[in-house]
Undergrad: 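Okay, here's the structure, questions in a sec.
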Number of protein chains: 2
Amino acid sequence: MIKLDIANALMQAHPCSRATALQAVDLLTERMKQALLDGHRIEIRGFGVFEPRPRKRGMGRNIKTGDSVAIPKGKSIRFKPGKELREIEVE
Amino acid sequence: MIKLDIANALMQAHPCSRATALQAVDLLTERMKQALLDGHRIEIRGFGVFEPRPRKRGMGRNIKTGDSVAIPKGKSIRFKPGKELREIEVE
DNA sequence: ATTGGCGATGTCGAGCTTGATCATGGAAAC
DNA sequence: GTTTCCATGATCAAGCTCGACATCGCCAAT
């Protein structure tokens with residue numbers, strides 16, 4: 001599923017052009033992105049929670065040189081699936 | 001940021017009632033949820049990727065008994081932040 | 001205001017993460 | 001709709017964070 005599919009779903013609920021739905025999806029993603037960058041947690045009940053987390057780990061590995069490279073700084077966005085998303089059936 | 005804020009953002013782009021925007025957000029989350037439950041990966045360029053992953057780890061810990069409990073089965077939804085979401089400044 | 005999903009706690013093993021590069025494909029332009 | 005562009009995926013290695021279970025409180029959702 002890509003952005004087009006999401007816009008498609010939006011079109012089913014909102015009788016509008018594809019371009020409009022696409023803009024809406026793009027706007028929403030950007031708003032959420034900005035909220036996360038601002039450090040805000042996005043909590044959607046029944047879906048999941050996006051939470052910005054400061055990264056404590058400070059080392060990686062360079063595949064070329066095979067040497068440990070110190071990861072300078074950074075944060076990670078953690079997505080915690082909600083209850084309904086955890087109810088995944090396993091065959 | 002909660003669902004109301006997202007609906008609010010949607011209202012800014014789409015001149016519609018709050019109820020309509022709320023329904024749209026709810027529909028989108030449900031569609032995405034169903035897609036993830038169906039095993040499909042949701043990839044939004046510049047935002048992030050939701051990917052259902054089978055959980056390989058098979059053990060947890062019971063906080064009461066302190067005993068290792070075998071994690072039965074399940075999948076996890078992994079969210080990988082896109083490039084723009086990784087550009088988080090660290091103070 | 002009520003309901004109920006979600007957070008934190010604690011342990012311990014295992015998966016995830018980060019970095020760079022090439023190839024693929026999502027996304028945007030024509 | 002098609003083509004081009006550039007982000008994304010995989011990989012190796014070592015370190016670290018996550019996850020699950022159970023319960024109460026908190027806050028999102030109605």
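Below, chains carry the letters A, B, ... as their sequence lines are ordered, and counting in each starts from 1. Note that the coordinates shown come from a computational prediction; the quantities given were computed from them, not determined experimentally.
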Undergrad: Output the distance between atom CG (A/D5) and atom CZ (B/R31), rounded to the nearest 0.5 Å.
TA: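 One finds 8.0 Å between CG of A/D5 and CZ of B/R31.
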
Undergrad: Give a yes or no on whether the backbone of B/V25 and the side-chain of B/T29 come within a donor-acceptor separation of less than 3.5 Å.
TA: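 Looks like yes, one N/O pair under 3.5 Å.
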
Undergrad: Mind calculating the distance between CD (A/E30) and P (C/dA28) to the nearest angstrom?
TA: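 That distance rounds to 11 Å.
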
Undergrad: Nearest whole Å is fine: how far is D/dG1 C1' from A/R18 CZ?
TA: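 Checked: the CZ to C1' distance equals 11 Å.
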
Undergrad: Grab the CD1-P distance between A/I42 and C/dC6 for me, whole Å please.
TA: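 For the pair A/I42 CD1 and C/dC6 P, the rounded distance is 16 Å.
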
Undergrad: Are A/F79 and B/F47 an aromatic pair by the rule of ring centers under 6.0 Å?
TA: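 No, ring centres 6.0 Å or more apart.
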
Undergrad: Quick one: CG on B/L28 to CD on B/Q23, what's the gap to the nearest 0.5 Å?
TA: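 Rounded to the nearest 0.5 Å, the CG-CD separation comes to 12.0 Å.
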
Undergrad: Does A/K80 pair with A/E51 as a salt bridge, N-O distance under 4.0 Å?
TA: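 No salt bridge links A/K80 with A/E51.
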
Undergrad: For A/E51 and C/dC6, what is the distance between atoms CD and P respectively, to the nearest whole Å?
TA: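 From A/E51 CD to C/dC6 P: 13 Å.
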
Undergrad: B/F47 has an atom CZ; how far is it from atom P of C/dA27, in whole Å?
TA: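 Distance check: B/F47 CZ to C/dA27 P gives 13 Å.
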
Undergrad: Closer than 4.0 Å, any side-chain N/O of A/R78 to the OP1 or OP2 of C/dG7?
TA: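 Checking A/R78 against C/dG7: no side-chain N or O falls below 4.0 Å of OP1 or OP2.
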
Undergrad: How many whole angstroms separate atom CG of A/L85 from atom C1' of D/dA20?
TA: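 Spelled out: CG on A/L85 to C1' on D/dA20 is 17 Å.
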
Undergrad: Do the non-hydrogen side-chain atoms of A/I44 and A/V49 ever get within less than 4.5 Å of each other?
TA: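 They are not in contact (no side-chain heavy atoms under 4.5 Å apart), so the answer is no.
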
Undergrad: Calculate the interatomic distance between B/K83 atom NZ and C/dG19 atom P; express it in whole Å.
TA: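 Rounded to whole Å, this separation is 13 Å.
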
Undergrad: Within the pair B/S76 and C/dG15, is there a side-chain N or O less than 4.0 Å away from OP1 or OP2?
TA: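 B/S76 to C/dG15 OP1/OP2: no side-chain N or O under 4.0 Å.
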
Undergrad: Closer than 4.0 Å, any side-chain N/O of A/K80 to the OP1 or OP2 of C/dG7?
TA: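 For C/dG7, OP1/OP2 do have a side-chain N/O of A/K80 under 4.0 Å.
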
Undergrad: Whole angstrom is fine here: how far is it from CD1 in B/I77 over to P in C/dC6?
TA: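 Rounded to whole Å, this separation is 14 Å.
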
Undergrad: Counting primed atoms plus P, OP1 and OP2 as sugar-phosphate and everything else as base, spell out the protein contacts along nucleotides 23-30 of chain D at 4.0 Å heavy-atom distance: B, S or - for each nucleotide, 5' to 3'.
TA: -----BS-

Undergrad: Below 4.5 Å, heavy atoms only, C-beta onward: do A/I6 and B/I42 meet side chain to side chain?
TA: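 Contact flag for A/I6/B/I42 side chains = yes.
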
